[in-house]
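To start, the structure itself, in structure tokens.
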Amino acid sequence: MSASYPPVGGRCQVLVAVGADQHPFHRLIGWLGQWYAEVAGEVELTVQHGYTPVVDLPDAVPFLGHAELQKAMDQADLVVCHGGPATILEARRHGHLPIVVPRDPAYGEHVDDHQQLFTRRLGAAGLISLCESRSELLAALAAGLADRGRFTVSRDVEAVDRQRAAARRVGLIVEELVATARRRHRPWWLPARARWPR
């Protein structure tokens, strides 16, 4: 178990983090609400939900500061997150094999499919537990409740530093691609000096 402290009342500590992207992530939050209704007695749940409205999950907060997120990850038995490189790497740094649901632009969850492409590569390499459907997420959560150690990894500080550097490079590339796409797809009627909202 990766947690520094025993779970409260023996319940499994589950942290959910959707990051700070301005797009709501209704699918993941909805799936978690349905799951939690069935396992509430077994789980101590913390949900960082960003801009997604939450009505049926306990201990839900829009955002966690860096120190709060580090503490929550350190105490968690299982980490569920979106496909953001920084969140994934932080989870692994804390000894978790994160259960990852990438945002899908087809549902308005992001501007493009970079999370899907990125997490599929990580999933194929065994660096995350990739869940692209409700059934995959529920199966991973059930496996985690049955065996909390199943979603742990050893902490490798040097590897984490290398991964962070790579994630920063990927982030810069993605930002440049998005900015370039915005410039290329400027409507004919929009003056060249106008800027898209960020």
Side-chain angles (χ1 to χ4, degrees), residues 1-25 28-29 31-32 35-36 39 42-52 54 57-103 109-110 114-115 118-119 122-123 125-131 137 140-141 143-145 147-172 174-175:
M1 184 185 337
S2 63
S4 299
Y5 307 99
V8 176
R11 292 186 288 178
C12 185
Q13 300 277 342
V14 179
L15 169 66
V16 179
V18 305
D21 189 271
Q22 294 183 0
H23 296 82
F25 203 173
L28 177 56
I29 297 301
W31 293 346
L32 288 166
W35 168 76
Y36 183 73
V39 298
E42 304 172 55
V43 171
E44 187 77 20
L45 187 64
T46 301
V47 180
Q48 179 270 307
H49 59 86
Y51 292 92
T52 310
V54 172
L57 292 171
D59 294 323
V61 295
F63 301 101
L64 291 169
H66 185 262
E68 293 172 304
L69 182 60
Q70 301 308 303
K71 182 178 179 182
M73 283 196 176
D74 194 49
Q75 294 179 345
D77 294 301
L78 301 174
V79 172
V80 179
C81 64
H82 72 142
T87 307
I88 291 170
L89 294 177
E90 283 298 315
R92 288 188 58 85
R93 186 172 74 83
H94 283 277
H96 299 287
L97 179 72
I99 298 169
V100 179
V101 180
R103 292 172 177 269
E109 297 164 354
H110 219 313
H114 76 270
Q115 282 201 4
F118 178 66
T119 56
L122 293 185
L127 297 173
I128 63 171
S129 175
L130 177 61
C131 300
L137 175 63
L141 288 168
L145 288 183
D147 177 8
R148 298 178 194 184
R150 180 171 178 169
F151 293 97
T152 60
V153 295
S154 59
R155 301 179 188 210
D156 180 347
V157 175
E158 289 182 11
V160 168
D161 289 342
R162 290 192 302 271
Q163 291 168 349
R164 278 184 175 165
R168 280 193 292 271
R169 288 194 300 272
V170 169
L172 291 172
V174 168
E175 287 176 7

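For the numbers below, each heavy atom of this structure counts, side chains included, while hydrogens, waters and symmetry mates do not.
Side-chain contact between V79 and T87: absent, with no pair of heavy atoms (C-beta onward) separated by less than 4.5 Å. By the 4.5 Å heavy-atom criterion applied to side chains, E42 and C12 are not counted as neighbours. V18 is listed as a side-chain neighbour of Q48, based on a closest heavy-atom distance under 4.5 Å. Between L122 and V100 the shortest side-chain heavy-atom distance does not fall below 4.5 Å. Inter-residue side-chain proximity for V101 and T119 is flagged as unmet; no heavy-atom pair is nearer than 4.5 Å. Side-chain contact between L137 and L141 is present, with heavy atoms from C-beta onward closer than 4.5 Å. Considering only heavy atoms from C-beta on, Q70 comes within 4.5 Å of H94 through its side chain.
At distances below 3.5 Å, at least one donor-acceptor pair connects side-chain atoms of Q115 with backbone N or O atoms of R103. A donor-acceptor pair under 3.5 Å is formed between the side chain of T52 and the backbone N or O of F25. Between the side chain of R150 and the backbone N or O of L97 there is no donor-acceptor pair closer than 3.5 Å.
For the side chain to side chain contact (heavy atoms under 4.5 Å, CB included) test, residues two or more places apart in sequence or in another chain that qualify with P62 are H49.
E90 has a carboxylate O that lies under 4.0 Å from a charged side-chain N of R93, or vice versa, which qualifies the two as a salt bridge.
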